[in-house]
Participant: 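Structure provided below as structure tokens; questions to follow.
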Amino acid sequence: MKKQFCIWLILILFLSVSCSENQEPFNENYFFEAEVEGNVFRQEFSENLTLDELPLVFERDRSVSIGQINSMIDTNCLSSCISPFYINMVFDGRVGTREVEVLEQLQVPIGSFTTDYWYGSTNVTPEPSKISVTITGADESKRVIAGTFEGEAYKNQTQTPVKIPIKGTFKAGYRIL
């Protein structure tokens, strides 16, 4: 009986150590990463920044779950900041998957992308494109929100409105107004 107990104990310890070693470490830094037209753009910020110092913050009113990241990301990057890098995206901040209300603009060095407000060479007003956002974590007390997004956007200043695949991930500050 003692021998079985010892074997079980050793097995449990072995499994708990081997399982914990296989887990990926959680990235504590704030970041926004977008992949569009085969290019990946990522800005990363220290976890030690206050919400006032952090240029990447999801803000929403206390009475609603819809909020937005509206940020020109050009300061406090861990390495040199990519320029331009601007995000104005409105979405529901609750955990789960929903359609983005609007990607008003994602501006990166290769251009400006949007779901609704395409500005091009014609008077065509295209149907809005769709992007879904999956909020994987939102913690008001820790003031952090994390998630992924994927869908299609229009590239501004093009001859015709063509939907372009876009996807990304983020971990941002979380402020309730």
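Any value given below was found using the heavy atoms of this structure, including those in side chains, with hydrogens, waters and symmetry copies removed.
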Participant: Find the distance between CD1 (I135) and OG1 (T148) and round it off to the nearest 0.5 Å.
Facilitator: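 The OG1 atom of T148 is 8.0 Å from CD1 of I135, to the nearest 0.5 Å.
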
Participant: Could you check whether the rings of F41 and F85 sit parallel, tilted or perpendicular, using 30° and 60° as the cut-offs?
Facilitator: perpendicular

Participant: In a table with atom names and distances, give each donor-acceptor pair under 3.5 Å that connects a side chain of residues 67-75 to protein atoms at least two apart or in another chain.
Facilitator:
| residue | atom | partner | partner atom | Å |
| --- | --- | --- | --- | --- |
| Q68 | NE2 | N88 | OD1 | 2.5 |
| N70 | OD1 | Y86 | OH | 2.7 |
| S71 | OG | P55 | O | 2.8 |

Participant: State plainly whether one hydrophobic cluster holds both V162 and I131, where clusters connect Ile, Leu, Val, Met, Phe, Trp and Tyr through side-chain heavy atoms under 4.5 angstrom apart.
Facilitator: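 Looking at the clustering, I131 is in a separate group from V162.
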
Participant: Please output the side-chain donor-acceptor pairs of residues 104-114 that fall under 3.5 Å, not counting sequence neighbours, one pair per line with the distance.
Facilitator:
| residue | atom | partner | partner atom | Å |
| --- | --- | --- | --- | --- |
| Q105 | NE2 | S112 | OG | 2.9 |
| S112 | OG | N156 | ND2 | 3.1 |
| T114 | OG1 | L103 | O | 3.1 |
| T114 | OG1 | E104 | O | 3.0 |
| T114 | OG1 | D116 | N | 3.4 |
| T114 | OG1 | Y117 | N | 3.2 |

Participant: Decide yes or no on side-chain contact (heavy atoms from CB on, under 4.5 Å) for L56 and Q43, but give the supporting numbers first.
Facilitator: CA-CA 9 Å; L56 180 63; Q43 300 281 53; over 6 Å; no

Participant: Could you check whether D61 and S63, counting side-chain N and O atoms only, form a donor-acceptor pair closer than 3.5 Å?
Facilitator: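 Distance-only check passes for S63 and D61.
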
Participant: Would you give the length of the straight line joining atom OG1 of T115 to atom CD1 of I166, rounded to the nearest 0.5 angstrom?
Facilitator: 9.5 Å

Participant: Would I176 and F58 show up in the same hydrophobic cluster when neighbours are defined by side-chain heavy atoms closer than 4.5 Å?
Facilitator: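 Yes, it is one cluster - the side chains of I176 and F58 are joined through contacts under 4.5 Å.
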
Participant: Do other residues, nucleotides or ligands put more than 12 heavy atoms under 6.0 Å from the CZ atom of R175?
Facilitator: yes

Participant: Quick check on K167: does its NZ atom have over 12 non-hydrogen neighbours (other residues, nucleotides or ligands) under 6.0 Å away?
Facilitator: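 12 or below, so no.
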
Participant: Could you state the interatomic distance from SG (C77) to CD (E44), rounded to the nearest 0.5 Å?
Facilitator: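 These two atoms lie 9.5 Å from each other.
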
Participant: Between N48 and S46, is there a donor-acceptor pair closer than 3.5 Å when you use the side chain of the first and the backbone of the second?
Facilitator: no

Participant: Side chain of N76, backbone of E53: donor and acceptor closer than 3.5 Å?
Facilitator: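 Present.
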
Participant: Looking only at heavy atoms, what is the nearest atom pair of K171 and V144, with distance?
Facilitator: CE-CG2, 3.4 Å

Participant: Between I87 and L51, is there a shared hydrophobic cluster once you connect ILVMFWY residues whose side-chain heavy atoms come closer than 4.5 Å?
Facilitator: yes

Participant: Just how far is it from atom OH of Y174 to atom CZ of R60, taken to the nearest 0.5 Å?
Facilitator: 3.5 Å

Participant: Roughly how far, to the nearest 0.5 Å, is CZ of R42 from OG1 of T169?
Facilitator: 6.0 Å

Participant: If hydrophobic clusters are built by linking Ile, Leu, Val, Met, Phe, Trp and Tyr wherever their side-chain heavy atoms come under 4.5 Å apart, do L78 and L54 end up in the same one?
Facilitator: no

Participant: Closest heavy-atom contact between E140 and R62?
Facilitator: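 E140 and R62 have their closest heavy atoms at OE1-NH1, 4.3 Å.
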
Participant: How many angstroms lie between atom CZ of F91 and atom CZ of F149, to the nearest 0.5 angstrom?
Facilitator: 9.5 Å

